[in-house]
Chemist: 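Submitted below is the structure of interest, expressed as structure tokens.
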Amino acid sequence: MRISISSENKKRLAGSQWAVPNKLFTATSEIERRDKGELSDTELVQIFDVWDSRFKTAIENADKCDERTVRNTLSSRAASFIDSNQEHREFRLQPEGLSFIVQLKPLAGKEYELTQL
């Protein structure tokens with residue numbers, strides 16, 4: 001399984017104060033600027049270092065979950081982003097104990113693109 005994430009999605013997720021908690025970023029000096037919306041698009045992509053260091057392997061090893069489970073787990077706002085044509089996986093990051101559900105768009109073969117976290 002190969003999972004990719006576009007720079008646009010890295011930017012969106014790194015810029016979102018609710019998608020990825022601050023404690024997961026290693027570029028801690030940039031967090032305050034991120035929270036204030038002061039980072040450039042390039043800086044947001046760069047601080048999304050948690051993709052390679054934490055998320056990618058966790059997602060590859062995550063359990064698949066059906067759409068019904070996803071809808072019952074997420075808030076109504078978050079559930080509005082569910083795409084029935086995409087695969088959903090659930091995982092926990094340790095030692096933080098944070099739970100995530102990802103949405104993966106199937107590409108060719110065993111390739112996927114992460115579209116939601």
Side-chain angles (χ1 to χ4, degrees):
M1 167 182 245
R2 182 171 175 263
I3 302 170
S4 62
I5 181 169
S6 68
S7 291
E8 283 300 312
N9 280 330
K10 284 184 178 182
K11 207 171 34 175
R12 181 177 54 79
L13 293 170
S16 170
Q17 294 181 20
W18 58 268
V20 181
N22 286 347
K23 63 184 170 183
L24 294 180
F25 289 103
T26 57
T28 53
S29 62
E30 301 298 325
I31 297 307
E32 187 175 316
R33 290 181 55 221
R34 177 184 85 115
D35 288 346
K36 293 178 182 175
E38 296 175 352
L39 293 178
S40 70
D41 290 350
T42 302
E43 289 171 312
L44 286 170
V45 171
Q46 289 172 346
I47 69 164
F48 200 74
D49 59 355
V50 294
W51 173 250
D52 287 323
S53 66
R54 305 289 303 276
F55 283 119
K56 193 171 186 180
T57 301
I59 294 168
E60 289 170 347
N61 296 314
D63 295 325
K64 290 182 185 179
C65 50
D66 61 46
E67 183 180 339
R68 184 177 182 181
T69 301
V70 174
R71 286 195 184 280
N72 290 336
T73 303
L74 299 177
S75 68
S76 57
R77 181 182 180 278
S80 69
F81 296 102
I82 294 173
D83 182 338
S84 300
N85 296 316
Q86 296 189 32
E87 183 176 301
H88 299 89
R89 291 177 174 249
E90 185 174 21
F91 65 96
R92 286 180 75 78
L93 285 183
Q94 299 298 341
E96 297 87 0
L98 298 170
S99 295
F100 293 90
I101 294 176
V102 294
Q103 183 167 270
L104 302 170
K105 179 180 178 181
L107 303 174
K110 294 189 176 211
E111 294 187 29
Y112 296 85
E113 179 182 0
L114 184 139
T115 59
Q116 295 291 335
L117 174 67

Chemist: If you draw a 6.0 Å radius around CD in E8, do more than 12 non-hydrogen atoms from other residues or ligands fall strictly inside?
Modeler: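 No, because the 6.0 Å sphere around CD of E8 holds 12 heavy atoms or fewer from other groups.
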Chemist: If every non-hydrogen atom of P106 is compared with every non-hydrogen atom of N85, which pair is closest and at what distance?
Modeler: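 Smallest interatomic distance, heavy atoms only, reads CD-O, 3.9 Å.
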Chemist: Which residue is it: K10, K11, R12? I am looking for the one with a salt bridge (charged side-chain N to carboxylate O under 4.0 Å, His left out) to D41.
Modeler: K11
Chemist: In terms of hydrophobic clustering (I, L, V, M, F, W, Y; side-chain heavy atoms under 4.5 Å; direct or indirect links), are Y112 and F100 co-clustered?
Modeler: yes
Chemist: Check each of V102, N72, V70 against C65 using the side-chain contact (heavy atoms from CB on, under 4.5 Å) test, and report the only one that passes.
Modeler: V70
Chemist: Can you give me the closest heavy-atom contact between I101 and E90, atom names plus distance?
Modeler: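 It is CG1-CG, 4.0 Å.
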Chemist: How many angstroms lie between atom NZ of K105 and atom CD of Q86, to the nearest 0.5 angstrom?
Modeler: 7.0 Å
Chemist: Are any side-chain N or O atoms of Q103 and backbone N or O atoms of D83, one a donor and one an acceptor, separated by less than 3.5 Å?
Modeler: yes
Chemist: Do L98 and L117 sit in the same hydrophobic cluster, where Ile, Leu, Val, Met, Phe, Trp and Tyr count as joined when their side-chain heavy atoms come under 4.5 Å apart?
Modeler: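 Same hydrophobic cluster.
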Chemist: Which heavy atom in R92 sits nearest to a heavy atom in S99, and how many Å separate them?
Modeler: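 Shortest heavy-atom contact: NH1-OG, 2.6 Å.
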Chemist: Minimum heavy-atom separation for L74 to A79, with atom names?
Modeler: CB-N, 4.1 Å
Chemist: How long is the straight-line distance from CZ of R68 back to OG1 of T73, given to the nearest 0.5 Å?
Modeler: 11.5 Å
Chemist: According to the interplanar angle, ranging from 0 to 90°, do the rings of F91 and F55 count as parallel (below 30°), tilted (30 to 60°) or perpendicular (above 60°)?
Modeler: perpendicular
Chemist: Distance check, rounded to the nearest 0.5 Å: L13 atom CG versus Q116 atom CD?
Modeler: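 Separation between the atoms: 7.5 Å.
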Chemist: Can a donor-acceptor pair be found, under 3.5 Å and without considering hydrogens, that links the side chain of N9 to the backbone of L114?
Modeler: yes
Chemist: Flag the pair L104 / I59 as yes when at least one side-chain heavy-atom distance between them is below 4.5 Å, and no otherwise.
Modeler: yes
Chemist: Apply salt bridge (charged side-chain N to carboxylate O under 4.0 Å, His left out) to E113 and list each qualifying residue two or more places apart in sequence or on a separate chain.
Modeler: none
Chemist: State, to 0.1 Å, how close E60 and M1 come at their nearest heavy-atom pair, and which atoms those are.
Modeler: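 So the two residues come closest at OE2-O, 3.6 Å.
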Chemist: First locate atom NZ of K56, then atom OG of S4, and finally report the distance between them rounded to the nearest 0.5 Å.
Modeler: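 Answer rounded to 0.5 Å: 8.0 Å.
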Chemist: More than 12 non-hydrogen atoms from neighbouring residues, nucleotides or ligands closer than 6.0 Å to CZ on R71, yes or no?
Modeler: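 For R71, atom CZ is crowded (more than 12 foreign heavy atoms under 6.0 Å).
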